[in-house]
Structures are given as structure tokens and as C-alpha cells.
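Contents: one structure, followed by commentary.
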There are 2 protein chains.
Amino acid sequence: MTEYEKFKQLIDKGSSLYIPQLSLDCVIFGFHQNQLKVLLLKMRTRHDWALPGGFIHQDETLEVAAARVLKERTGLDNIFLRQFHTFSALERSNPQQAMKDFAMEDLRIDQHHWLAQRFISVGFYALVDFTRVTPQLDELSEICTWYDLDSIPPLMLDHRQILDKALETLRVQLNYQPIGMSLMPELFTMPELQKLYETILGTPLDRRNFQRKILGYHILRRREERRTGVAHKAPYLYSFDIKRYQEALQEGLHKW
Amino acid sequence: MTEYEKFKQLIDKGSSLYIPQLSLDCVIFGFHQNQLKVLLLKMRTRHDWALPGGFIHQDETLEVAAARVLKERTGLDNIFLRQFHTFSALERSNPQQAMKDFAMEDLRIDQHHWLAQRFISVGFYALVDFTRVTPQLDELSEICTWYDLDSIPPLMLDHRQILDKALETLRVQLNYQPIGMSLMPELFTMPELQKLYETILGTPLDRRNFQRKILGYHILRRREERRTGVAHKAPYLYSFDIKRYQEALQEGLHKW
DNA sequence: TCAAAAGTGTTGAGAGTACACCCATGA
DNA sequence: TCATGGGTGTACTCTCAACACTTTTGA
């Protein structure tokens, strides 16, 4: 199916395929080169950027729909994904704008079209392994790429607020849930993991205290190997202990 | 407007007044005689009970809609109200059942009617002063009353899960937010407030540690008076320091 | 006068924080 | 050999939990 056909289907059939006036937006976090990043889309018809989002099929739960959106954008399955808030401000929809945004070649929508209605949107955030993602475009977007958290471009509608709320939620969750596994590569060093935490929290942490704390959760396994090629003492490599990690996801973090 | 007319309007006009396939449910907590209570409705057409819920007007935010539902059921304005989760399981809707539930006198709905669709529901929880509430019926319900948390009757659809999730959220929030003000009367004693916390958490707390902790937040003001008429040392009366309380709501609880 | 429940204080364990010392590595 | 950054240990502080003693009240 061509992009045009896909788009035409969205315009024509959307109102019967999807739950009307309800959408979802995903804040997809990745981590690379000591930077926390967010996956953003640039729509063909707009100058500002957007969070990857989508609509909910009549026979899908929100969680399934979010996983589908994620899969479409990143190619990844089985991702850490959490609903965090539902956004319903009246100003968050802009029918006039929508009529422009969803115009393509000979296709036009009017104010009665389903896409020109007010939308309420359920926000999800996801944590993904940056190195395994190949950002993919959809029929409306011309660019799909990562942005550093400290240089986010102007976002459409209330997407900036959604992003901020996601980050706030993530920061709180950090205290209760193990979160590194989906963001880090298979093997990593303690300083690398620390950088992740520091970036999320936006504050520096004490190296030694961080190590003690994380190890106290017993969700890591230290490997024999060390990372070589660095101009100083070679740090140990760690991997997550998947079993323990899953337990901690269920029961929350606590000392042993 | 009679109940019948209200009902007829819901059936006939609902699809243009409200956002389709989206509803909200409120878990309304009250506290009385050392018991945490939840406000429940019994629909005329069903044997099980329901959380007070409603639909969202096209020009309302979720929060405004929830406040409206709350006002309709309790008569109260300006209530502590928090969105906590959006429920979208496929099994949570039951069109067959809906067709029966929304039948009244000569009115009938079929499977294409807006009320017989799948619904996604946004859950809110509210904390209200039990003594100020006069539960009010709507056009579909025959009873509206409080139930003790430990003797909740069978609830319709997934309302039991919604209630459980609300309670779980409330328990977590207890650590971050001051919550007594909306649940307690104007004046109360420390042991009374402690009972509230114990009931929410479902576990006994140490009297002395509790007092120290709560006072440490500086959100209470001790009055000169004591509660008299008790067969033991008369406890002090307290009230909330509204200014401090509001600050704590904004910034979270922390020691001074 | 006595049981019941409130007011107040102390102590110890554990978590979190701050900081010091030594070690390994490539330049 | 030296700057850089990692590995490990210790001491101090603060919070929280456990617990004891005294005071007030109506029965």
C-alpha cells in the first residue's frame, strides 16, 4: 500500500475503524552518549514537531494500541510502556489547524470530518534501547528522529506539556521501579548507568553512593570483563539479572 | 424536568452532547465513625452496584466533567479530585447488558445506539467530608449510599478493579500529599486523624510516631480547646492550616 | 481509685550523604 | 610519571520505628 493509499484510508475509513475523538501520544525515551533523548516526528504540513501518536482501533485496548504505535515507529516489540495521564484541555484541539494538517494532494477534510473534532489523548511513556531503534516514518511525517532532552524543538499543541509530565512521572517512578534495562545496552558500566540516572533526574549523583544503592537492589550481575580502551582504570561491565529485575518490576525496589 | 424527560434526553441527545465511547467513573471516598467509605449507586435495572459515573460534554475537560458528576451526586463543590487511570479493557463493555440497563418504560436502545458501544473510562478519585454529603439519585439509580470499604457489594463490570486501583493510588499519594482536609471535619483530634490514615493504609500505626510525623509537616494548628466528654484524658483539637496545606498540596510534603 | 487513652521523650537501627584513599590505564 | 577516572571503605546525620513514663478523665 502506498503512503497515499494509507492516508486515504485513514481519512475515509478512520471514523469506523477507530474510537472517535480519542487518541494516544507516546513519549519515547532513549539514551545514547550520555544523553536522554526523545523520539519526535516532523509532519509534512507543519513547522513544529510532534510526539508519535495514533488512534485506538475499536477492538484494541489502549495498551495494545500504544504498543502498536511504538512498533510502527521504532520496530521494537515488548517495550516498557506505561500510561501516565489523560489530557483533555479544550485548547489542545484545533480543528482549523487539523483541516490544514490532514490535507494532502487532492484530499481535503472539512469541519465535520472525524479528524477535525476535539480530541482527548492518553499519554504513554516508553523506555527503549536507543541502539536497537530504527525510526520509521508514517504517511504524514517527513522526519522521525531523536532529540536531546535539553534541546527539544517547538512542539505542536500541548505536546510539550505531555513530554514534561512524562518526564516528571519517570522521575518519580525511578524511586520505585528498576528502569535501566530497557534503556541500556546488554552490557554497560556503573558510570554509564549512573549517567542515565543523572540525566533523568537532572542532577549529579555521588559515584560511590550510587553504586552502593544500585547494587543493594540486587538487580545487576557483574561480569568478569572490564571495559578496555579507556585512559584510566578499566571499569567492570554489568548486565541486568533478568529474573531479579522482573521481580523488582512487580514488587517494587527494596533493599535486601 | 422529570426523571423520564432527563432519561429521554440522555438517550436521544447524548450522542451529540457527549464525547462518544468515553466515560468517567468516580471513586468517592468519605470517612465516618472510623470507617473509610465509598459512595455507590444501585441502578434500577441491575442487581449489582456501580461507581458514580458520567459522560463528558463536548465543551468540558475531564476534570470539569468529573467535578460536575461529583456535584450531582454529593452536592459538593471544590472537592479534592484526581485522575488516576484510564480503563480500556475490551471486556469492560457489554453492549447486550447496556441495552437492558438503559431500557425504561417505552424507551429501548438497539446495538447501534451510542450507549451500546464499547466505552473507555477515565477513573477519578475524590475525597469528601462525609458529614457534608447528601447522596443524590439520578434518573437511572434507585439507591445512592455509602459502603464501608470492607463490605463492598458486588460491583458491575470492572468497577471493583477501578475501586482497587483508586485505593492503591490513594495509599501511595498519602506519602506525598496532605489528604486529611477534605475527609475530616473542621475540628478533629490527633487520634481521629490517625484512624483515617490507618484505615486508608489498612495497617495500625504507632500513636506517638504518627503524631510527630504529621506535626512535622506543619499543616496542622492546635486549638486551645480539647474534646470533652471522654472517659480519659481529653485530647487536643486540631484544624488544618489552610495556607500551609495548600502549599503542601503544591510542593508535596516535606519536613521543616 | 482505677482503667483507658492522651501528652511527651528516649534510644537504637538503618538509610542516605559526604568525603578519603588507593588502583589501573593510556597519553 | 601523571592526569583521569574507577574500586572500595568510613564516619556522620537524619529518619523512622520501638518503646516507657506521666497525666487527665469519667466511671
Side-chain angles (χ1 to χ4, degrees), chain A residues 33-34 171-172 174-178 180 184 187-239 248 251-256, chain B residues 33-34 171-172 174-176 178 180 184 187-239 248 252-256:
Chain A
Q33 292 178 338
N34 288 343
R171 283 180 179 161
V172 173
L174 212 53
N175 296 313
Y176 301 101
Q177 292 216 321
M184 302 295 288
L187 291 176
F188 52 90
T189 66
M190 194 59 75
E192 284 163 3
L193 185 62
Q194 183 180 339
K195 276 290 174 197
L196 169 63
Y197 273 73
E198 289 179 335
T199 319
I200 294 178
L201 294 174
T203 173
L205 300 171
D206 184 277
R207 190 168 61 86
R208 298 149 283 196
N209 296 334
F210 177 78
Q211 172 145 190
R212 199 187 356 258
K213 182 163 179 161
I214 295 289
L215 289 180
Y217 297 140
H218 291 91
I219 54 171
L220 293 185
R221 281 152 47 115
R222 189 163 91 174
R223 302 305 186 93
E224 287 309 312
E225 317 105 84
R226 291 159 178 263
R227 169 138 305 166
T228 56
V230 282
H232 49 77
K233 183 165 180 176
Y236 284 106
L237 287 172
Y238 290 85
S239 63
E251 303 159 28
L253 289 173
H254 39 237
K255 288 281 168 20
W256 286 64
Chain B
Q33 292 180 335
N34 288 344
R171 283 180 179 162
V172 173
L174 212 53
N175 297 312
Y176 300 100
M184 301 295 288
L187 292 176
F188 52 90
T189 67
M190 194 57 77
E192 283 162 3
L193 184 63
Q194 183 179 338
K195 277 289 173 196
L196 169 64
Y197 274 71
E198 289 180 334
T199 319
I200 294 177
L201 294 174
T203 173
L205 300 171
D206 183 278
R207 191 167 60 86
R208 297 149 284 191
N209 295 335
F210 177 79
Q211 173 145 193
R212 194 182 6 254
K213 182 164 179 162
I214 295 289
L215 289 179
Y217 296 140
H218 292 91
I219 54 171
L220 294 186
R221 280 152 48 114
R222 189 164 91 173
R223 304 303 187 94
E224 287 309 311
E225 317 107 82
R226 291 160 176 260
R227 170 137 307 165
T228 55
V230 281
H232 51 77
K233 184 166 179 175
Y236 283 107
L237 287 173
Y238 289 86
S239 63
L253 290 173
H254 38 236
K255 289 283 169 19
W256 286 63

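Just so it is clear, the values below take in all heavy atoms, side chains as well, and ignore hydrogens, waters and symmetry mates. Lettering follows sequence order; numbering is per chain, from 1.
Positionally, the nearest nucleotide of DNA chain C for B:Tyr238 lies more toward the 5' end than for the other of B:Tyr238 and A:Thr228. When the nearest nucleotides of DNA chain D are assigned to A:Thr189 and B:Asn209 by heavy-atom distance, the more 5′-ward of the two goes with A:Thr189. Between A:Arg207 and A:Arg212, the one whose closest nucleotide on DNA chain D sits nearer the 5' end is A:Arg207.
A donor-acceptor pair under 3.5 Å is formed between the side chain of A:Arg171 and the backbone N or O of A:Ile200. With hydrogens and angles ignored, the 3.5 Å screen pairs a side-chain donor or acceptor of A:Gln194 with a backbone N or O of A:Leu205.
Residue A:Arg227 is out of contact with every strand shown, counting any heavy-atom pair closer than 4.0 Å.
Within a 6.0 Å radius of CZ in B:Arg221, no more than 12 heavy atoms belonging to other residues, nucleotides or ligands are found.
For A:Ala234, the side-chain atoms get nearest to C:dT25 when compared with the rest of D:dG7, D:dT23, C:dT25.
Interatomic distance, CG of A:Asn209 versus CD1 of A:Ile214, reported as 11.5 Å (0.5 Å rounding). Atom CD of residue B:Gln211 and atom CG of residue B:Asp206 lie 10.5 Å apart, to the nearest 0.5 angstrom.
A straight line from CZ of B:Arg226 to P of C:dA5 spans 17 Å, rounded to a whole angstrom. Summarising the geometry, the separation between NE2 on A:His232 and C1' on C:dA27 is reported as 12 Å, rounded to the nearest angstrom. Look at CD on A:Gln194: it is 8 Å from P on D:dG6, rounded to the nearest Å. To the nearest angstrom, P of C:dA15 lies 19 Å from CG of A:Leu205. If you take NZ of B:Lys195 and C1' of C:dA6, they are 14 Å apart, rounded to a whole angstrom. Remark: P of C:dA6 and NZ of B:Lys233 are 10 Å apart, rounded to the nearest angstrom. Rounded to whole Å, atom P of C:dA15 lies 10 Å from atom OH of A:Tyr217. Across the protein-nucleic acid pair, A:Asp206 atom CG and D:dT8 atom C1' stand 12 Å apart, rounded to whole Å.
Residue B:Arg208 has no polar side-chain atom (N or O) positioned under 4.0 Å from OP1 or OP2 of D:dT22. In this model, the phosphate group of C:dG7 is approached by a side-chain N or O of B:Gln211 to a distance below 4.0 Å at OP1 or OP2.
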